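Data first, discussion second: the structure below is written as structure tokens.
Just so it is clear, the model here is predicted, and its values are computed rather than measured. First the proteins, then the strands, lettered A, B, ... as listed; each starts at 1.
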Protein chains: 4
Amino acid sequence: MGRTGDGEALPQRLLAVATRLFAEKGFEKTSVQEIVEAAGVTKGAMYHYFAAKDDLLKEIYQRLLRMQRERLEAIMARDQPVALRLRAAAADVVVTAIANLDDATIFLQSMHLLSADRRRAVRAARREYHERFRELVEEGQRAGTFRADVPADLAVDYFFGAVHHLGAWFRTGGRLTAEQVGAHFADLLLSSLRPDPPAEPGPSR
Amino acid sequence: MGRTGDGEALPQRLLAVATRLFAEKGFEKTSVQEIVEAAGVTKGAMYHYFAAKDDLLKEIYQRLLRMQRERLEAIMARDQPVALRLRAAAADVVVTAIANLDDATIFLQSMHLLSADRRRAVRAARREYHERFRELVEEGQRAGTFRADVPADLAVDYFFGAVHHLGAWFRTGGRLTAEQVGAHFADLLLSSLRPDPPAEPGPSR
Amino acid sequence: MGRTGDGEALPQRLLAVATRLFAEKGFEKTSVQEIVEAAGVTKGAMYHYFAAKDDLLKEIYQRLLRMQRERLEAIMARDQPVALRLRAAAADVVVTAIANLDDATIFLQSMHLLSADRRRAVRAARREYHERFRELVEEGQRAGTFRADVPADLAVDYFFGAVHHLGAWFRTGGRLTAEQVGAHFADLLLSSLRPDPPAEPGPSR
Amino acid sequence: MGRTGDGEALPQRLLAVATRLFAEKGFEKTSVQEIVEAAGVTKGAMYHYFAAKDDLLKEIYQRLLRMQRERLEAIMARDQPVALRLRAAAADVVVTAIANLDDATIFLQSMHLLSADRRRAVRAARREYHERFRELVEEGQRAGTFRADVPADLAVDYFFGAVHHLGAWFRTGGRLTAEQVGAHFADLLLSSLRPDPPAEPGPSR
DNA sequence: TATGAATGAGAGTTCATTCAT
DNA sequence: TATGAATGAACTCTCATTCAT
């Protein structure tokens, strides 16, 4: 069949189980044995679908990157002022990251464990994503909507640092909803890019 | 003796070597054997000073946290307007993190590998540090210097996310110096906390 | 059908592929998966024709032994002086071994991997073959054509050692052709069996 | 201590045990677990001395090659006619191979399992050894003691084939002693190299 | 203060084989 | 006649840690 009694294809089930365990205990502290036991199969079954434990990680990364990329493209294509598009994109990436907090946590904690080749590939994909984001910022800078004295890539890295860090403090059911955090983060980003910087001395060159 | 021919006490040398290797290859991929070989001693010597491999990690954390905490206290004690103190603190944490980028990288990548007890302890120390930072923000909010419609802790987490993420992109000798990045980050933080937020709809409750 | 598009019956194709791979990489380092992939089928198909991986080995052995046995019988049946028949048989076994060097290599390298039962059977078949060869030697010894102070079976083992070792050094396209090597080997065998051994002290008892 | 209660250093004991098991069951069918159990230690102890299972094989090879090489050198250095020296060398290599039949058996059966690098190194060492042997043959050919119409290297390969094959039939306590087999083999070699080859047609070029 | 041999538990991975379809 | 998902057992190797010296 290719299906088990649990109503989900085995590769997907293995991936779901692995995602949960990796987020809970970390990639290296999660043994293949634990994964297959949690999925109710044997190691051989897992190695039938995934050539190595690393592959599970790779799949999780690709899944997350693909989704974020698609959402960003959709937002960028809107017919709206650049500030609105950036705000929407920023809020959306936060909400999406929270909705897939396990994936995002794993991403952050485990990328350094990938083989050099894989790491390079994942980094390239992420860089490409950041560059799309940066284009939005630069567009606003050219239009005078955003201040131009902040390097666009620095602003983007600043923002994504905050996003990646969500897993360290955000708790579902806590004081703020994912949407509220998204709105706040977007607001902070937009505020920090407003022209007319504060009177205090900024960085001079 | 307590000193080896290399002019540094053995515990410190072990710590320095471990810091470099952990940052390079990750904590779990660095074996005790590699550490002692790089330090030019044997395992027994290491276990004489550190009860476990974990202890090296703990020491690295404590060293970083202690330093950051001391610097923050000194800045907070200044007799300056709150905005200046926050700006100074923000810029300083960036410069310090970059100056100790190995430590900061390890912090981020390996905390989930500590035993539950140790992790709790480290988290508590870091939370305390963040709270001191938050007090600055709240002081400014009460004084009307900073906008009050952004939760202070969210703003702090936002900022420290960016700081923790430095290791992912900052390169010594790159386009920007540590000081320039610190100034930019501080500027972005202060900008985002300015009163009269942008006209676009912010988050409502 | 029993035939694939490649114009060869599947069992034969599997055997041919396995022979090549076993000779290249060794029996144990060749996985069933590799064999079926190289043959362009799936595992199930192979297990339909061969009950076990061992069976492929058995077939290769039997094929080689059967052929050598048949050729030896034909030569022994000739109406020629015994020296000519032994020379012809010796040269032929060399040429045949070289023509089927993969089979011979596998024979030598992998026999110890067979199950005890199979190994016994293969050994018995080979012993029988060697005995036919020995009969030739003994016939010549009785007739005075060959020296009688060398045990016939020892001489045969000596010769077949050399034959089995061909795979270790013979290279097609090298300095000597298979026929030349066969002639030399036959010559060395016949020479060593000539009466009137050399003057130096032979083995005394 | 570096010594166990059994009065032999552990690396040597492991090597001895491994040699016996490899000869009995083959390298690949002997697990590391079996080796260490037979030696009465744990896996870790073995890996403390041997970086890999392969290393045991390498050691066995080197031990055998070193010994054979030393004996050959000693014989070649004698002040004797070349025929006597070749006879002595041939008889000695047989006796030595029988005295270390386990090593020799393993050599033959398992060399193809070594990594490419190691295999190359072992082959080079063996080739060098064969070349020393060949020099003896060539010396005799130049002196007219041996027939010159047989390529010296072919004669050497012929002889060593027979030697390598000893493990397939020689049994201690059987009809012939190691010394008798050595004498016979040497006799066969010398006989086959006698000048004035048999009247029957030899290989023509 | 330091050595390094040895442990013991477990890691990821491989693979011949089975079997429902 | 053939598929390929799944098993289960075994494999080599790693490693933090201990302890007699």
Side-chain angles (χ1 to χ4, degrees), chain A residues 1-4 9-11 14 28-36 39-56, chain B residues 1-4 9-11 27-37 40-56, chain C residues 1-4 9-11 27-36 39-56, chain D residues 1-4 9-11 14 28-36 39-56:
Chain A
M1 273 307 177
R3 310 197 128 265
T4 65
L10 184 47
L14 284 164
E28 329 84 285
K29 300 246 255 186
T30 304
S31 71
V32 170
Q33 189 60 44
E34 285 174 303
I35 296 170
V36 298
V41 289
T42 57
K43 283 184 192 173
M46 196 207 94
Y47 279 95
H48 186 69
Y49 294 105
F50 299 93
K53 193 187 171 192
D54 259 25
D55 276 21
L56 290 166
Chain B
M1 306 290 151
R3 309 198 128 265
T4 66
L10 184 46
F27 176 78
E28 331 82 287
K29 301 241 249 184
T30 304
S31 70
V32 169
Q33 188 60 44
E34 284 173 301
I35 297 170
V36 298
E37 267 170 24
V41 290
T42 57
K43 285 184 187 174
M46 197 209 91
Y47 278 96
H48 186 73
Y49 293 107
F50 298 93
K53 193 187 171 191
D54 260 24
D55 276 21
L56 291 165
Chain C
M1 298 298 150
R3 306 199 129 266
T4 67
L10 185 46
F27 176 78
E28 331 82 285
K29 300 241 250 185
T30 304
S31 71
V32 170
Q33 189 60 43
E34 284 174 301
I35 297 169
V36 298
V41 291
T42 56
K43 285 184 185 173
M46 197 209 91
Y47 278 94
H48 187 72
Y49 292 107
F50 299 92
K53 192 187 171 191
D54 260 23
D55 277 20
L56 291 165
Chain D
M1 271 306 179
R3 307 198 128 268
T4 64
L10 184 47
L14 283 165
E28 329 85 286
K29 300 244 257 187
T30 303
S31 72
V32 170
Q33 189 59 45
E34 284 173 303
I35 297 170
V36 299
V41 289
T42 58
K43 282 184 200 171
M46 196 208 93
Y47 280 97
H48 186 69
Y49 293 106
F50 299 93
K53 193 187 171 191
D54 260 24
D55 276 22
L56 292 166

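- The residue among A:Gly44 and B:His48 whose nearest nucleotide of DNA chain E lies closer to the 5′ end is B:His48.
- The CD-P distance, from B:Glu37 to E:dT3, rounds to 13 Å in whole Å.
- Rounded to an integer number of Å, the gap from D:Phe50 CZ to E:dA6 P is 12 Å.
- Closest non-hydrogen pair, A:Pro11 versus A:Tyr49, comes out as CG-CD2, 3.5 Å.
- Of the two residues contacting DNA chain F, namely D:Glu34 and B:Phe27, the nearest-nucleotide position lying further toward the 5' end is that of D:Glu34.
- Atom-to-atom distance recorded for C:Glu34:CD and C:Lys29:NZ is 10.5 Å, nearest 0.5 angstrom.
- For D:Tyr47 and A:Met46, each mapped to the nucleotide of DNA chain F holding its nearest heavy atom, the one lying further toward the 5' end belongs to A:Met46.
- Closest approach of C:Tyr47 to C:Ala52, counting heavy atoms only: CE2-CA, 4.2 Å.
- At a cut-off of 3.5 angstrom, the base of E:dT17 holds at least one donor-acceptor pair with the side chain of C:Lys43.
- Distance NE2/B:His48 to OG1/B:Thr42: 11.5 Å, rounded to 0.5 Å.
- Spacing between atom CG of D:Asp54 and atom P of F:dC11 amounts to 16 Å, rounded to whole angstrom units.
- Between A:Ala52 and C:Thr30, the one whose closest nucleotide on DNA chain E sits nearer the 5' end is A:Ala52.
- Checked against E:dA2, E:dT14, F:dT12, the side chain of B:Tyr49 finds its nearest nucleotide in E:dA2.
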With pairs defined as Watson-Crick or G-U wobble and both distances under 3.5 angstrom, please note down DNA chain E as a dot-bracket string, | for pairing with another strand.
.||||||||||||||||||||

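- Here the P atom of nucleotide E:dT13 and the CD atom of C:Gln33 are 17 Å apart, to the nearest Å.
- Rounded to an integer number of Å, the gap from NZ of A:Lys53 to P of E:dT14 is 15 Å.
- Comparing F:dT12, F:dG8, E:dA5 by their closest approach to the side chain of D:Val32 singles out F:dT12.
- Closest heavy-atom contact between A:Lys53 and A:Thr30: NZ-O, 2.8 Å.
- When each of C:Val41, C:Leu10, C:Leu56, C:Asp55 is paired with C:Met46, the side chain to side chain contact (heavy atoms under 4.5 Å, CB included) condition holds for C:Leu56 and for no other.
- In this structure, A:Lys29 atom NZ and E:dG12 atom C1' are separated by 18 Å, rounded to whole Å.
- Closest to the side chain of D:Ser31, out of E:dT3, F:dA6, F:dC11, is F:dC11.
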